[in-house]
Amino acid sequence: MPPTQRAPELEQFHAVRRFQPTLAFTADSSALLFSVNISGQFNLWRLPVEGGWPAQLTTFEDRTVRGVAPSPDGSTVVFSADRDGDEFHQLFEIDLRGGWPVALTDAPQVQHELLPGAWDPTGCRLAYAANSRRPSDMDVWIRDSVTGEVTHVFGDGRYAEPVSFSPDGRHLLCTEGFANDDHRLHLVDLDTGTSRALTTQQEPARFIPGPWAADGSGCWVATDLDREFLGLAFLHLTDGRLEWHETPDWDVENLAGDAAGTVLVWLVNEDGWGRLHARDLRTGRDLPTADLPPGCEMIFGHTLAVSPDGRYAALVWAQPTRSHEVYLVELATGRTRRLTDNMLGGLDPAQLTAPDLIRYPSADEQV
């Protein structure tokens, strides 16, 4: 008679590898870059899209790698890291062909924020946010990657962050945050140094900016402007008009696209479960829905990324019976592959319980 299976120990549930909320493809679409604590600290790692054991790129012991932005030519990656969790993130650059991190900033009392669209299309300019002028504000800065010269381009008493450069590199899309549920989008003309507000709503509204159109005429956004839920819309730059494309009775929680503007992916929260949708922007045809296991994107952060060649999407996926894992989605077919295995405690997922959805009427509904 086989022995009775023992109940898991508490420590087994904590024996998992953990990620920071950042994920990016290399310029040639062959690998993913992310921050994970395999070494005991959150370092930068590179994992081929075919899977296997990742290569460790940094060996920090007291710093945590946060944001990651690979250069368009594939030679380097810029990343942010703070020391001992102090949240004063500094910027570093490392040669992906092999090298040691070089500090681009060294201001221990300044926060530097780095987003995935930090590089311009030529790889000559890098945009980031920093509160170096006033601790209460976040300004947008551009660093010349050749000369190292840094220029202030937007902010002035705001909490602002750069999102991405236009396809021709002339404009920089920026966000201004007033509250968690209230954002404005601004467009900075880098030739003239002027800026204009793209969204001027009077009531609070959330805006999650996504990829640019290939012709630079606008960008995709998720917003709840005049809606209860976040929908998917295209924001025209000429007049600030929103053209709605998807208005589900759920939130569009995240969106991403390739650099050429040929494919768009967006994540919808349907009854608490994430569902990843994709569209070929050249034909307007919806691509197969990703067959991800029941779960949602990494909580407390966004990781959704699309490969530069438009073939793949990737994200850190949370499940009720498994730890966070990196999943790769083949957009043409919707097929997914789990690239990591972070369950270190010997837990059998079959022993774990997935939640049941329970609905009940709210106070303003008729029973």
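The two residues D258 and S307 have their closest heavy-atom pair at CB-O, 3.5 Å. The heavy-atom pair separating V265 from A278 by the smallest distance is CG1-CB, 3.7 Å. Residues P101 and F79 come closest through the heavy atom pair CB-CZ, 4.0 Å. Taking every heavy atom of both residues into account, P162 and C174 meet most closely at CA-SG, 4.1 Å.
Remark: N180 CG is loosely packed, at most 12 non-hydrogen atoms of other residues, nucleotides or ligands lying under 6.0 Å away. Within a 6.0 Å sphere centred on CG of D226, heavy atoms belonging to other residues, nucleotides or ligands number 12 at most.
Aromatic ring orientation, H186 versus F154: tilted (interplanar angle from 30° to 60°). Between H112 and Y128, the ring-plane angle classifies as tilted under the 30° and 60° cut-offs. Taking the six-membered ring where the residue is Trp, F25 and Y312 present parallel rings, their angle staying beneath 30° rather than reaching 60°.
Looking at T58 and N43, their side chains do bring a donor and an acceptor atom within 3.5 Å of each other. With 3.5 Å as the limit, one finds a donor-acceptor pair spanning the side chains of H245 and E243. Side chains of S80 and Q90: no donor on one and acceptor on the other come within 3.5 Å. Checked by atom type, the side-chain pair Q41/T64 shows a donor-acceptor distance below 3.5 Å. No side-chain donor from either of W45 and S35 sits under 3.5 Å from a side-chain acceptor of the other. Neither side chain, D189 nor T194, offers a donor N or O lying under 3.5 Å from an acceptor on the other.
How far CG of D249 is from CD of E228: 8.0 Å, rounded to the nearest 0.5 Å. Considering CD of Q201 and CG of L185, their distance stands at 8.0 Å, rounded to 0.5 Å. With values rounded to the nearest 0.5 angstrom, L328 atom CG is found 11.0 Å from T340 atom OG1. Annotation: the span from R46 atom CZ to Q56 atom CD amounts to 12.0 Å, rounded to 0.5 Å.
Under 4.0 Å is where a charged nitrogen must lie from a carboxylate oxygen, and between R158 and D139 no such pair does. We find that D341 and R322 are joined by a salt bridge, their nearest charged nitrogen and carboxylate oxygen being less than 4.0 Å apart. With salt bridges taken as basic N to acidic carboxylate O contacts below 4.0 Å, one links R279 and E246. Salt-bridge formation is detected for the pair R66/D82: a Lys NZ or Arg NE/NH1/NH2 atom is positioned less than 4.0 Å from an Asp or Glu carboxylate oxygen.
Geometric assessment of R227 against the ring of W244 yields a positive cation-pi assignment under the 6.0 Å and 45° thresholds.
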message = Apply ring pair (Phe, Tyr, Trp, His ring centres under 6.0 Å) to residues F229 and W250 and explain how you reach the verdict.
response = CA-CA 6 Å; F229 299 100; W250 317 96; 7.3 Å; no

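Side-chain N or O atoms of R17 include none that pairs as donor or acceptor with a backbone N or O of E325 at under 3.5 Å.
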